[in-house]
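First the structure, in the form of structure tokens, and then the observations on it.
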Amino acid sequence: MNPLSEQVRELSRALAAELLRRDAIKINLETPFLLTSGNYSPIYINCRLLISWRSTVKMITAAAALQLEVRSCAVDAIAGGETAGIPFAAFLADALDKPMIYVRKAVKGHGTGSRIEGVLNRGSRVLLFEDLITDGLSKISFIKAIRDGAGIVEDAFVILDRLQGGSALLSQHGVRLTALTDIELVLGVAADWGLLESSAIDSVRVYLTSPSEWHAKLGLPYSPLEAT
């Protein structure tokens, strides 16, 4: 096996363990979490917590830098999306000695009306670095804003992929997604640590594969317009 590929695999699993250890991922099958969309989820992910631990931040930036090397990504600037992606983009930009920008969710209602903060030079190759991805819709919005500003986006990184269609959507828009870890690795670590029984893991996988089916089994209301 390629030594770099082996390092990537080990870092991905270590990061999955770190997310659990830092309580950034909570799993509750008895009392599912209510989402802003009005839907429910047995998993709640809050990567914002990770900015409080310098060792965790170093692990994330090291994993991202390694993936850049493995995938031979040419990058002129690092971008983060409002708000969760901003600190992680800043950490990576600092580690790589690259300029950093951030993208607003919507055009601000005063001043220049720009969605981009920082200097985006025409033709700059921009890496979008975000906390997590679900269906990918919010990432497409950020990517469009960068492209509208004459930036080039061919790669996007996330700390965690929920494996619910985001990668396929980004691919349709000419963007390759790289996840530092994913929910399957998290479930594997949770099983190894005895945090979840196999039946619980099966239930979570039903949710990840088909949220509508999972909601129906629990008798919970479901809207197909789930936010990322």
Side-chain angles (χ1 to χ4, degrees), residues 12 15-16 18-27 33-39 41-65 67-68 75 77-96 98-108 114-118 120 126-146 149 151 153 155-167 169-170 173 175 177-183 185-186 208 225-228:
S12 293
L15 187 52
E18 189 72 0
L19 289 167
L20 288 166
R21 188 169 78 91
R22 297 303 190 186
D23 244 5
I25 296 180
K26 296 182 182 295
I27 299 172
F33 303 99
L34 178 63
L35 305 176
T36 56
S37 62
N39 293 331
S41 171
I43 300 173
Y44 182 73
I45 302 169
N46 183 8
C47 290
R48 293 173 178 86
L49 290 175
L50 304 178
I51 65 176
S52 294
W53 288 280
R54 187 60 185 164
S55 60
T56 309
V57 168
K58 288 181 177 179
M59 181 185 295
I60 291 168
T61 54
Q67 287 280 17
L68 283 170
V75 175
I78 311 295
E82 182 188 7
T83 57
I86 293 175
F88 299 110
F91 294 138
L92 182 59
D94 180 64
L96 299 177
K98 298 286 186 181
M100 181 251 179
I101 61 173
Y102 77 82
V103 189
R104 292 179 179 273
K105 292 179 181 177
V107 174
K108 62 181 180 181
S114 174
R115 287 185 64 190
I116 305 293
E117 298 294 350
L120 174 58
V126 180
L127 173 71
L128 178 66
F129 189 31
E130 287 281 271
D131 62 332
L132 60 86
I133 189 168
T134 304
D135 58 27
L137 290 174
S138 65
K139 310 305 178 257
I140 294 301
S141 176
F142 292 144
I143 289 164
K144 184 179 184 300
I146 297 169
V153 186
D155 284 278
F157 278 23
V158 293
I159 296 172
L160 182 136
D161 186 356
R162 289 173 61 113
L163 301 176
Q164 291 182 281
S167 179
L169 181 65
L170 264 61
H173 290 263
V175 178
L177 178 70
T178 299
L180 304 186
T181 192
D182 62 50
I183 198 64
L185 282 170
V186 169
L208 293 171
L225 301 177
E226 186 170 351
T228 56

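Since the model is a prediction, treat every value here as computed from it, not as a measurement.
The aromatic rings of F157 and F129 sit perpendicular, their planes meeting at an angle over 60°, well past the 30° parallel limit.
Note that CG of L49 is 7.5 Å distant from NZ of K26, once rounded to the nearest 0.5 Å. Between the CG atom in L169 and the CD1 atom in I140 there is a gap of 4.5 Å [rounded to 0.5 Å]. We find the NE2-NZ distance between H173 and K139 to be 13.5 Å, quoted to the nearest 0.5 Å. Rounding to the nearest 0.5 Å gives a distance of 5.0 Å between NZ of K105 and OG1 of T83. Y44 OH to D23 CG: the interatomic distance, rounded to the nearest 0.5 Å, is 12.0 Å. The CG atom of L160 sits 8.0 Å away from the CG atom of L15 when rounded to the nearest 0.5 Å.
A distance-only check finds no donor-acceptor pair linking the side chain of S12 to the backbone of T181 [under 3.5 Å]. Not one N or O on the side chain of E130 forms a donor-acceptor pair closer than 3.5 Å with the backbone of A156. K98 contributes a side-chain N or O that, together with a main-chain N or O of V75, makes up a donor-acceptor pair within less than 3.5 Å.
For T178, the side chain to side chain donor-acceptor pair (under 3.5 Å) test picks out R71, with sequence neighbours left out.
Residues L170 and I133 are in side-chain contact: their nearest non-hydrogen atoms beyond the backbone lie under 4.5 Å apart. Side-chain contact check for D131 versus V158: every heavy-atom pair is 4.5 Å or farther apart. In this structure the side chain of D135 never reaches within 4.5 angstrom of the side chain of Q164, judged on heavy atoms. Side chains of F91 and R54 form a contact here, defined as non-hydrogen atoms less than 4.5 Å apart.
The two residues R162 and L208 make their nearest non-hydrogen contact at O-CD2, 3.6 Å. Contact record, A24 with L50: CB-CD2, 3.9 Å, taken as the closest heavy-atom pair. In terms of heavy atoms, C47 sits closest to L19 at SG-CD2, 4.3 Å. Taking all atoms of both residues into account, the shortest heavy-atom contact from L92 to A64 is CD1-CB, 3.9 Å. Minimum heavy-atom separation, F142 to R104: CE2-O, 3.9 Å. Among all heavy-atom pairs drawn from A79 and V126, the shortest one is CB-CG1, 3.5 Å.
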Test V186 against I45 for side chain to side chain contact (heavy atoms under 4.5 Å, CB included), laying out the working first. CA-CA 11 Å; V186 169; I45 302 169; over 6 Å; no

If you apply the rule side chain to side chain contact (heavy atoms under 4.5 Å, CB included), what do you find for I116 with V103, and how did you get there? CA-CA 5 Å; I116 305 293; V103 189; 3.9 Å; yes

For F88 and I51, what are the C-alpha separation, side-chain angles and deciding distance, and is it a side chain to side chain contact (heavy atoms under 4.5 Å, CB included)? CA-CA 8 Å; F88 299 110; I51 65 176; 3.8 Å; yes

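Using modelled atom types and a 3.5 Å distance limit, the side chains of S52 and R22 yield no donor-acceptor pair.
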